[in-house]
Amino acid sequence: MSRIAVSAAGIVCSLGEDLGAVASALAAGASGIAPLAGELSEGLRDPHAAEARDYDPARTLGDRNLRPLDRTARLAASAASLALAAAGPEALAGGEVGLALGTLFGSLRTIAEFDRRALQMGANYASPLDFANSVINAAAGQAAIWHGLRGVNATVGGGPVAGLLAFGYATDQLRDRANAGGPVAMLAGGAEEICREALLGFERLGVTAGSDGRAPQPLPLGARRNGFRLGEGAALALLEPFERAAARGVRPLGEVLGHGEAFDPSRGADPAASAAALARAIRQALADAALDPAAIDLLALGASGSPARDRAEVEGLALVFGRERLAALPALAIAGPLGECLGAGGALSTLLALECLRTGRLPGLAGFAELDRSLPLPSLAAATRPLSGRVALATAVALDGPVAALLVATPETA
């Protein structure tokens, strides 16, 4: 079975567009959460989110012919551009390169605008440009067209688990290439935009911070947590067989060791069922990687402040590691400062975990003193601290049943 390298990465988020710089900002205690302005803030109980306010697609894509790409497509295409640039000039050579993009909504804002104009003004006034982006796989398609990616093009749904699922899908595509033919490399990750429709929809569902009428408490794993704050961005990694990376003289950022997925039949209504499903996914990932739980050096949590999902995630980890071992495992939780980035969240968390292992520096968790001590918590701290080890486990629990686990490692394990 081919070993799959994480050769390069490209990210866009509320704290910037460079993996190392974002990791350093997190280590310095920075947060992308800020008040929303204009239409985005109207009618919200808690008008705060981690918007990529300084993002300018022209920096990565140039300023010509951007009009056909909506915000989600621009985020995805920008992350792809950054990853391909970091991978070197031969990244697209020698065969088909594919793309697996995780998302929850795709181009939700475009879909809503297309429908709104057609209903309010008549079908003749609906924009043909909007129509092209009114399907969930539009962003992946637009990014592939922009960069000339001729390989398999897949959009993976599932919300907060989608980025991890995309990594798993891409890994399987590359592992199967020897038997069935297929892509020589895959861009994998996720993208999600912040838009008014998502902000209002989640608030009406009662899952965002403060949507229950209480003061907002979005702290991941917090004792008084009452929902998440949304974030946006994109994160894509170039995955390829180790031998292809070596032939190009590339030293990879890391390696995908294994992945696992499961489903909670209660669809999130029973945290115990969600925890059991996550435990199944983690054990599947460990079996895929032929690793024992003792090999894990870092946890990359999806925890974002959702009462039931946060509990399900750590309870699921406790089922695999045991409470004593879990309490000693260092953990990274990026959804506090970067928001719940949905389809992009798992990919961002995975790439930042690799960067933390590379630099030996683990960002602290804001609000550490207010953690929910009734949970089987991993090792968390208020301040940035040294980190050693090579293997990271990224986990995520979706809003409606899917769960996922992904194992990655820095090159020293090669």
Side-chain angles (χ1 to χ4, degrees), residues 1-10 72 76 79-80 83 95-106 135-141 143-144 147 149-192 234-242 244 254-263 277-278 280-282 284-289 300 302 341-351 354 393-398 401-408:
M1 185 169 64
S2 295
R3 294 174 57 205
I4 306 303
V6 181
S7 292
T72 305
E96 295 183 347
V97 175
L99 170 63
L101 186 74
T103 187
L104 176 59
F105 292 123
V135 289
I136 196 169
N137 61 335
H147 293 292
L149 307 179
R150 298 182 290 113
V152 59
N153 188 270
T155 295
V156 184
V161 305
L164 299 186
L165 296 177
F167 265 80
Y169 177 88
T171 296
D172 288 345
Q173 287 286 317
L174 294 169
R175 286 173 172 174
D176 290 345
R177 174 175 164 74
N179 297 324
V184 297
M186 290 283 294
L187 284 166
E192 208 79 56
L236 287 169
L238 183 71
L239 307 185
E240 60 184 327
F242 257 83
R244 183 176 188 264
E255 176 179 4
V256 178
L257 301 178
H259 65 96
E261 302 84 26
F263 186 76
L278 182 61
R280 293 197 300 274
I282 295 169
Q284 185 183 110
L286 289 166
D288 188 30
C341 292
L342 300 171
L348 276 171
S349 184
T350 298
L351 295 175
L354 283 173
L393 169 66
T395 53
V397 176
V403 296
L406 179 73
L407 283 164
V408 294

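The model shown is predicted, which means the values in this text are computed figures rather than measured ones.
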Query raised in the report: Just how far is it from atom CG of Leu101 to atom OH of Tyr169, taken to the nearest 0.5 Å?
Result: 12.5 Å
Query raised in the report: Out of curiosity, Glu192 CD to Thr72 OG1, how far, rounded to the nearest 0.5 Å?
Result: 7.0 Å
Requested in this report: Say whether, by atom type as modelled, one donor and one acceptor occur between the side chain of Thr103 and the main chain of Gly343 under 3.5 angstrom.
Outcome: no
Query raised in the report: With distance as the sole test, does Arg280 use its side chain to make a donor-acceptor pair with the main-chain N or O of Phe263 at under 3.5 Å?
Result: yes
Under 3.5 Å, which donor-acceptor pairs link side chains of residues 150-160 to any protein atom two or more places apart or in another chain?
residue	atom	partner	partner atom	Å
Asn153	ND2	Ala140	O	3.1

Report task. May I ask you to decide if Glu261's main-chain N or O and Gln284's side chain share a donor-acceptor pair within less than 3.5 Å? Result -> yes
**Report entry** Shortest non-hydrogen contact between Ala277 and Ala262, atoms and distance
**Finding:** O-CB, 3.3 Å
Query - Verdict with supporting geometry, Leu239 and Val6, side chain to side chain contact (heavy atoms under 4.5 Å, CB included) - result: CA-CA 5 Å; Leu239 307 185; Val6 181; 3.8 Å; yes
Query raised in the report: So, for Leu236 and Gly189, which heavy atoms are closest and what is the spacing to 0.1 Å?
Result: CD2-N, 3.5 Å
Query raised in the report: So how far is it from Leu174 CG to Arg3 CZ, rounded to the nearest 0.5 Å?
Result: 14.0 Å
Report task. Mind checking side chain to side chain contact (heavy atoms under 4.5 Å, CB included) for Ala289 and listing every partner two or more places apart, or none if nothing turns up? Result -> Leu257, Leu291, Leu407
Query - Heavy-atom closest pair, residues Leu149 and Val97 - result: CB-O, 3.5 Å
**Report entry** Worked check of side chain to side chain contact (heavy atoms under 4.5 Å, CB included) between Asp288 and His259
**Finding:** CA-CA 7 Å; Asp288 188 30; His259 65 96; 3.7 Å; yes
Requested in this report: Find the distance between CD1 (Ile282) and CG (Leu406) and round it off to the nearest 0.5 Å.
Outcome: 11.5 Å
Query raised in the report: For the residue pair Leu165 and Ala404, what are the closest heavy atoms and their distance?
Result: CD2-CB, 4.0 Å
Query raised in the report: Which pair of non-hydrogen atoms, one from Ala347 and one from Phe167, has the smallest distance, and what is that distance?
Result: CB-CE1, 3.9 Å
Report task. Search all heavy atoms of Ala185 against all heavy atoms of Glu240 and return the closest pair with its distance. Result -> CB-CB, 3.9 Å
Query raised in the report: Okay, side chain of Gln173, backbone of Pro183: is any donor-acceptor separation there less than 3.5 Å?
Result: no
